[in-house]
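Positions are given from 1, in the same order as the sequence printed here. As the structure is a computational prediction, the values presented were derived from the model and not from experiment.
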Amino acid sequence: MYDYSIYWIKQEVANHYFHKSDILYRFFEEYRYNKNRIDLRRQFLYITKSIEIDIFISILKYNLKDDVHINQNDSIIELYNNRYFISLHIEQKQLKFRSRSLQDAEEILFPILRLIHPLFFVVGHTNQKYGWISPIRFPRNIERNQVLYSCR
């Protein structure tokens with residue numbers, strides 16, 4: 001099983017970092033191991049949007065495919081059918097999930113996230129995979145300056 005986190009990124013940050021996914025990945029990994037650092041915490045709170053748990057669960061249930069089953073225990077949800085399984089833990093600023101592969105998420109979870117918004121960023125903790133769940137188009141006149149910093 002692989003562990004992943006999904007973050008809902010604010011539009012202005014996505015405008016700057018959509019093609020700089022490696023910077024976002026390094027930032028989220030740095031924050032994951034240094035949550036006590038105030039500067040990282042402030043950046044994390046600034047770049048991510050909150051997830052309304054009850055609304056998210058309602059949207060999830062409403063949009064699941066007919067062959068997908070759901071078990072819910074508060075903010076922990078299991079999504080499965082005869083081929084795919086995802087264990088999903090919903091927090092205010094991130095979704096954590098476990099699955100056998102990203103294909104499980106692509107079949108069950110990501111299509112629903114794309115209905116909500118395209119600016120979800122996925123970080124794989126056990127396999128170092130990361131990226132956006134959807135492509136995004138930017139107007140040509142958007143200025144792309146870096147404002148996020150992460151170091152090791």
Between [X] (side chain only) and [Y] (backbone N and O only), is there a donor and an acceptor less than 3.5 Å apart?
X: S99; Y: F85; value: no
X: N127; Y: K129; value: yes
X: K35; Y: R41; value: no

Give a yes or no on whether [X] and [Y] share a hydrophobic cluster (residues Ile, Leu, Val, Met, Phe, Trp, Tyr; joining criterion: side-chain heavy atoms under 4.5 Å apart).
X: Y31; Y: Y46; value: yes
X: I70; Y: I55; value: yes
X: Y62; Y: I116; value: no
X: V123; Y: F18; value: yes

Quick one: closest heavy-atom pair of [X] and [Y], and the distance?
X: N81; Y: H69; value: CA-CD2, 4.5 Å
X: P111; Y: A105; value: CD-O, 4.0 Å
X: F44; Y: F27; value: N-CZ, 3.6 Å
X: A14; Y: L119; value: CB-CD2, 3.7 Å

Do [X] and [Y] come close enough that some side-chain heavy atom pair is under 4.5 Å?
X: D67; Y: Y80; value: no
X: F28; Y: I47; value: yes
X: N36; Y: N34; value: yes
X: I59; Y: L115; value: no
X: F121; Y: I133; value: no

Would you find more than 12 non-hydrogen atoms of other residues, nucleotides or ligands less than 6.0 Å from I38 atom CD1?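 At most 12 heavy atoms, drawn from other residues, nucleotides or ligands, come within 6.0 Å of this atom.
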
For the atom pair [atom1] ([X]) and [atom2] ([Y]), what is the distance rounded to the nearest 0.5 Å?
X: L109; Y: L88; atom1: CG; atom2: CG; result: 6.0 Å
X: D3; Y: T126; atom1: CG; atom2: OG1; result: 5.0 Å
X: N63; Y: I108; atom1: CG; atom2: CD1; result: 14.0 Å
X: R26; Y: K20; atom1: CZ; atom2: NZ; result: 11.5 Å
X: L95; Y: H89; atom1: CG; atom2: NE2; result: 10.0 Å
X: I90; Y: L60; atom1: CD1; atom2: CG; result: 6.5 Å

Just to verify, which of R98, E29, K96 counts as forming a side-chain hydrogen bond (donor to acceptor under 3.5 Å, both in side chains) with H125?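 Of all the options given, the one that passes is E29.
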
Is the Lys NZ or Arg CZ of K93 less than 6.0 Å from the centre of Y7's six-membered ring, within 45° of the axis?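 No, cation not above the ring by the 6.0 Å, 45° rule.
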
Tell me the ring-ring contact (aromatic ring centres under 6.0 Å, His included) pairs involving residues 91-119, sequence neighbours left out?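 ring-ring contact (aromatic ring centres under 6.0 Å, His included) check on residues 91-119 returns Y4-F97, W8-H117.
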
Flag the pair D39 and R37 as a salt bridge only when some basic side-chain nitrogen lies within less than 4.0 angstrom of an acidic carboxylate oxygen.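 Yes, this pair counts.
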
Residue pair [X] / [Y], side-chain donor-acceptor N/O under 3.5 Å:
X: S87; Y: E78; result: no
X: Y17; Y: E12; result: no
X: Q72; Y: K61; result: yes

Are F120 and W132, when compared by the centres of their aromatic rings, separated by less than 6.0 Å?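 Not close enough - the centres of the two rings lie 6.0 Å or further apart.
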
What verdict does the side chain to side chain contact (heavy atoms under 4.5 Å, CB included) test give for I53 and D74, after you've listed the backbone C-alpha separation in whole Å, the side-chain angles of each residue and the deciding distance to 0.1 Å? CA-CA 10 Å; I53 295 173; D74 293 324; over 6 Å; no

Walk me through whether D22 and Y130 qualify under side chain to side chain contact (heavy atoms under 4.5 Å, CB included). CA-CA 8 Å; D22 57 320; Y130 56 90; 3.5 Å; yes

Using the side chain to side chain contact (heavy atoms under 4.5 Å, CB included) rule, take Y84 and S101 through it: C-alpha gap first, then chi angles, then the decisive distance, then the call. CA-CA 9 Å; Y84 305 110; S101 71; over 6 Å; no

If you apply the rule side chain to side chain donor-acceptor pair (under 3.5 Å), what do you find for Q103 with E106, and how did you get there? CA-CA 5 Å; Q103 183 62 32; E106 185 58 53; over 6 Å; no

Candidate pair T48 and K10, rule side chain to side chain contact (heavy atoms under 4.5 Å, CB included), full reasoning: CA-CA 6 Å; T48 57; K10 291 180 181 176; over 6 Å; no

